[in-house]
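Just so we're on the same page: letters track the sequence lines, and every chain starts at 1.
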Amino acid sequence: MSKVIKIRRGLNIPLAGEAEKILQTPPLSAEYAIRPPVFHGLTPKMLVEEGTPVKVGTPLFYDKYNEDVLFTSPVSGTYTQLVRGAKRRILEVRIKPDGRNEHIDFGVESAGSISREQIVSKLLKSGLWPAIRQRPYSVIADPKIKPRDIFISAFKTTPLAPDMDFVVNGREAFFQSGLDVLGRLTDGDVYLSTQTGETMSKAFTEAKGVRLHAFKGPHPAGNVGIQIHHIKPVNKGEVVWYLDVQDVITIGILFEKGIYDARKVVVLNGPEILNPRYYKIINGAQLSSFTDNNIKEEAGVNLRIISGDVLSGEQIERDGFIGFYDDQVAVIPEGDKPELFGWLIPNTDKFSVSRTFFSFLMPGRKYRHNTNIRSGERPFVITGLYEKVLPMDIMPMQLIKSIMINDIDMMEKLGIYEVAPEDFALCEYVCPSKIEMQTILREGLDTMKKEFA
Amino acid sequence: MKALHNLVEKVKPNFEKGGKLEKLNRTFEAFETFLFVPGNVTKKGSHIRDAMDMKRTMFHVVIAMIPVMLFGMWNVGYQHYLAIGQEVAFLDQFVYGLIRVLPLIVVSYASGLAIEFLFATIRDHEVNEGFLVSGLLIPLVIPVTTPLWMVAVATIFAVIIGKEVFGGTGMNILNPALLARAFLFFAYPSYLSGEVWIDTTLQEGQQLVDGFSGATALAVLAAGELQYLPSAFEMFVGTIPGSIGETSTVAVLIGAVILVATGVGSLRIMLSVVAGGLFMGGLFNLFAVNDFMAIPPYYHLIMGGFAFGTVYMATDPVSASQTGTGKYIYGFLIGVITILIRVVNPAYPEGMMLAILFMNVFAPLIDHYVVAANIKRRMNRLKKAEVTIQK
């Protein structure tokens, strides 16, 4: 039986607009895109010319500093356009689908019959490798390194996160095959974490070849970083890998069917969605292909569309493309209206962890949270607040301060290897000084990575 | 609201870069954000943010001080009429106190905020809200008889030397309001001790009652005149001489409830200070050689500035210890040192101010060791992991 780990510190943000458990398959998107900036620290080098026809799995570009890591097309069609930003940075690699769905055949093999090297090379060639990420640094895993362990979280606790039981439904066998593949990649263990009382799917609770842990508690209990910390923390010099449930499924399909199946289930939700629900799309799809006619249009209300969750996701345009790792699109109102004495007036439509608003008297209520930042940035003043939402033996304020002063030695001592920006998202959310903690932490991770490169 | 907002938007260009009043940009911004929470949206990181901000945090501390302030005003009047032997209505007592205390508050805010705005302009940052609290704390911790110019000088000193030289709110080592008081205490000692606690300005035909002393409870004890000590009930309610805001433990407790309930003040620190005070008071009881050492330990909590300092001063998050464990140590030692100074040191009848300032200085050291313990846990884990690998 799995062990239950209780997480006491944290916070579930009550955001309105939870999705119904309905799965729809929208029509093919007009265009698909892979967005290199989504992969932190990646310098892409193109492999194909504009106008080239591609199949599902055709390599489009590779990582300049890790040439084995390929990024392949999620659909068959034509590579039409390269969108560049400032300093000629590649922002989007766009593909126009032809609807024929031609796949490159990577060969059907069982994980048990081939060597670890062959497995790695297959994952690299098919373009599935970028789905595997590592701690420290929270970047694409280095294929030359053998990880200590591999971690998978079978539940998410971010606001309005998709229900993984629902997501895995019907693909349980592939999930198990994916786990079998991962088991071959490490000499350590594959850890799978479930949520006590919530995770019901047998794909998770009866998964084989993994070490199961059950977690109980508020967000960020579902963050893999928190789980690693409580199961077997990352020490200096160690590397662990982690990936999402759906990426495990995709790996399973690769070995069972020999193809890169880029389809994934995403949830569209948030207070500004008319009918929040789940969609089965192909990775890299244009948002408009499934959000059209499902967004509330209210005069005078600007909207923010987020690929990912509202705490760590990325703002994108309506005709933008979903991020490689994201399984959620949330739409919330912008908070761009000034508010008379907004800081002073007792107010019932705002949520706060502090008990200076009335939200603490209305526990069941869901909020139409907007993007207003409320105040300018201030230095750290309030103490003891960040610890309440970071269930790790890590001192958040001290760590952030050590990054601010670029004290590499201190960052290491305070445990920067164990954390990723998403773990600090709640600290950033509650911060009354409005300090950009996720951004600062990412800078710290970049500094460390460069230092030990 | 719309009209007001339009007005703000209309005058705004004058204060922006290239405008006529460009230099007052930060001042304008402070007033603008005071009126309106600006429509600024998140650009990086978390898309949604908690509705709590610095203004609201500081405002709640101010709210928590209001009971103390009101009681203090009334007590100023009450003590005054007591000293001259007149019996007047409750409202008259309050109005008298209001007239005496209000100028102190106005001077404190005006001088302090002037410096804050000046530094915000020079250093080009937003005006910080921290002084909203300090500005009210300063008048509450001084005697009502303090000359206004002294309040201004002390406030300016505290804001510049106590805060701005370190980089402003959030960077200071000492509690600015206490620093202002310490400045007065050492620069103008005769105005901060002796018969200064009661406003005894006499008008024609008025005279002090016979046997008027005007000494605080602590001064009475230090002098060994136990027979003049007010009753515990009087000290608890606060109808005794003392600094404007410090006398009433009841009013302070109301403030404490507000601070703790809203989560703004640290209960951890408050309880530790009380524990430290009771511990030291109890210890003196065991070895009592004089009356002061023999008083019941809880007397210490209701005399002088103990309650006020515990709730409003020791809990200042910037100058206090910033780690969870550190807060226990920090608070406990404040309690211990306060009683130590009160009972043992004949020169200072009151120890709260010095104890807090002293522990403000030591808070970073406490934190250093708490952080070191966290680091050590991580190092030990690393060592254990290495041993396993070698095996």
Side-chain angles (χ1 to χ4, degrees), chain A residues 13 15 233 235-236 238 304 306 310-313 315 332 334-344 347 350-357 369-376 378-384 387 393 395 397-398 413-415 421 425 428-434 436-439, chain B residues 1 4-5 8 29 32-60 125-126 128-130 167-171 261-264 266 268 317-318 320-324 327 367 370-371 374-375 377-379 381-382 385-386:
Chain A
I13 298 168
L15 186 63
N235 293 305
K236 186 190 176 180
E238 294 175 344
R304 177 168 301 194
I306 300 159
V310 293
L311 290 175
S312 306
Q315 176 177 7
I332 55 174
E334 287 281 9
D336 48 5
K337 309 266 182 309
E339 197 187 334
L340 185 64
F341 292 121
W343 57 275
L344 177 70
N347 196 313
K350 290 195 180 60
F351 177 73
S352 174
V353 270
S354 79
R355 288 177 298 262
T356 64
F357 288 83
H369 227 312
N370 68 27
T371 61
N372 194 295
I373 197 165
R374 312 290 303 166
S375 150
R378 300 281 183 269
F380 278 111
V381 169
I382 301 300
T383 60
E387 287 83 349
D393 186 20
M395 308 186 111
M397 195 168 93
Q398 283 74 10
K413 284 179 175 170
L414 289 172
E428 182 174 85
Y429 171 81
V430 300
C431 182
S433 298
K434 312 297 173 191
E436 308 278 2
M437 295 175 89
Q438 293 191 85
T439 311
Chain B
M1 180 200 150
L4 188 61
H5 187 245
V8 170
E29 182 185 64
E32 188 196 359
T33 57
F34 181 81
L35 278 176
F36 293 98
V37 165
N40 297 343
V41 295
T42 50
K43 297 222 163 54
K44 286 186 280 186
S46 179
H47 296 273
I48 57 173
R49 300 297 171 93
D50 196 287
M52 188 68 168
D53 62 18
M54 233 51 240
K55 280 193 184 59
R56 201 174 176 90
T57 309
M58 295 302 176
F59 180 69
H60 275 82
H125 61 68
E126 284 191 44
N128 277 316
E129 291 83 0
T169 305
M171 313 292 182
T262 54
V264 173
S266 165
R268 201 177 274 220
V318 176
S321 180
Q322 301 181 341
T323 54
K327 281 176 181 156
D367 285 340
V370 176
V371 173
N374 178 280
I375 292 170
R377 278 197 294 281
R378 195 162 291 111
M379 292 294 173
R381 200 179 72 203
L382 175 65
E386 276 167 355

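- Side-chain atoms of B:Glu129 and A:Val381, non-hydrogen and from C-beta on, never get closer than 4.5 Å to each other.
- Listed options A:Ala425, A:Gly415, A:Gly384 were ranked by heavy-atom pairs under 4.5 angstrom with chain B; first place goes to A:Gly415.
- Contact annotation for A:Ile332: only side-chain heavy atoms (C-beta onward) come within less than 4.5 Å of a heavy atom of chain B.
- Formation of a donor-acceptor pair under 3.5 Å by the B:Asn374 side chain with backbone atoms of A:Asp393 is found in this model.
- Between A:Arg378 and B:Lys55 the shortest side-chain heavy-atom distance falls below 4.5 Å.
- Here the closest non-hydrogen pair linking B:Ser321 and A:Thr383 is O-OG1, 4.4 Å.
- For B:Arg378 (side chain) and A:Lys413 (main-chain N/O), a donor-acceptor pair under 3.5 Å exists by modelled atom type.
- Under the side-chain hydrogen bond (donor to acceptor under 3.5 Å, both in side chains) criterion, A:Arg355 pairs with no residue, sequence neighbours left out.
- Taking every heavy atom of both residues into account, A:Ser433 and B:Met54 meet most closely at OG-SD, 3.6 Å.
- With a 4.5 Å cut-off on non-hydrogen atoms, B:Arg377 touches chain A through its side chain but not through its backbone.
- Heavy-atom distances place both the backbone and the side chain of A:Arg374 under 4.5 Å from chain B.
- Residues A:Pro379 and B:Asn128 are in side-chain contact: their nearest non-hydrogen atoms beyond the backbone lie under 4.5 Å apart.
- Residues A:Lys434 and B:Asp50 come closest through the heavy atom pair NZ-O, 2.8 Å.
- Of the inter-residue distances, the one linking A:Ile373 atom CD1 with B:His47 atom NE2 reads 11.5 Å to the nearest 0.5 angstrom.
- Ranked by heavy-atom pairs shorter than 4.5 Å toward chain A, the options B:Pro317, B:Gly263, B:Ser266 are led by B:Pro317.
- The distance from atom CD of A:Glu387 to atom CD of B:Gln322, rounded to the nearest 0.5 Å, is 10.0 Å.
- A:Lys337 touches chain B through its backbone: at least one of N, CA, C or O sits under 4.5 Å from a heavy atom, while the side chain does not.
- For A:Met397, the part lying near chain B is the side chain, with the backbone staying farther off; criterion is any non-hydrogen pair under 4.5 Å.
- Put simply, the side chain of B:Asn40 never gets that close to the backbone of A:Gly376: no donor and acceptor are under 3.5 Å apart.
- Under 3.5 Å, the side chains of B:Thr42 and A:Arg304 contain a donor-acceptor pair of N or O atoms.
- In terms of heavy-atom pairs under 4.5 angstrom with chain B, the leader among A:Ile306, A:Leu15, A:Ile382, A:Thr439 is A:Ile306.
- Between the side chain of A:Asn372 and the backbone N or O of B:Pro38 there is at least one donor-acceptor pair closer than 3.5 Å.
- For the set B:Ala261, B:Gly168, B:Gly167, B:Gly324, the count of heavy-atom pairs under 4.5 angstrom toward chain A peaks at B:Ala261.
- Heavy atoms closer than 4.5 Å to chain B are found in the backbone of A:Phe380, but not in its side chain.
- When B:Lys44, B:Glu29, B:Lys43, B:Met171 are compared by the number of non-hydrogen pairs under 4.5 Å with chain A, B:Lys44 comes out ahead.
- Top candidate by heavy-atom pairs under 4.5 Å with chain B, chosen from A:Gly335, A:Ser375, A:Ser312, is A:Gly335.
- In this structure, chain B has a heavy atom under 4.5 Å from the side chain of A:Glu436, while its backbone stays farther away.
- Using a 4.5 Å cut-off between heavy atoms, A:Gln398 touches chain B through its side chain atoms alone.
- Of all the listed residues (A:Val353, A:Val430, A:Ile13), the one sharing the greatest number of non-hydrogen pairs under 4.5 Å with chain B is A:Val353.
- Of the two parts of A:Ser354, the backbone and the side chain both hold a non-hydrogen atom closer than 4.5 Å to a non-hydrogen atom of chain B.
- Most heavy-atom pairs under 4.5 Å with chain A: of the set B:Gly130, B:Gly170, B:Ala51, this distinction falls to B:Ala51.
- Two residues are said to be in side-chain contact when any heavy atoms from C-beta on lie closer than 4.5 Å; A:His369 and B:Arg49 fail this criterion.
- For a residue to count as touching a neighbouring chain, one of its non-hydrogen atoms must lie under 4.5 Å from one of that chain's; by this rule A:Asn370 touches chain B with the backbone only.
- Both the backbone and the side chain of A:Leu414 come within contact range of chain B, each with at least one heavy atom under 4.5 Å from a heavy atom of that chain.
- Two residues are said to be in side-chain contact when any heavy atoms from C-beta on lie closer than 4.5 Å; A:Met395 and B:Val370 meet this criterion.
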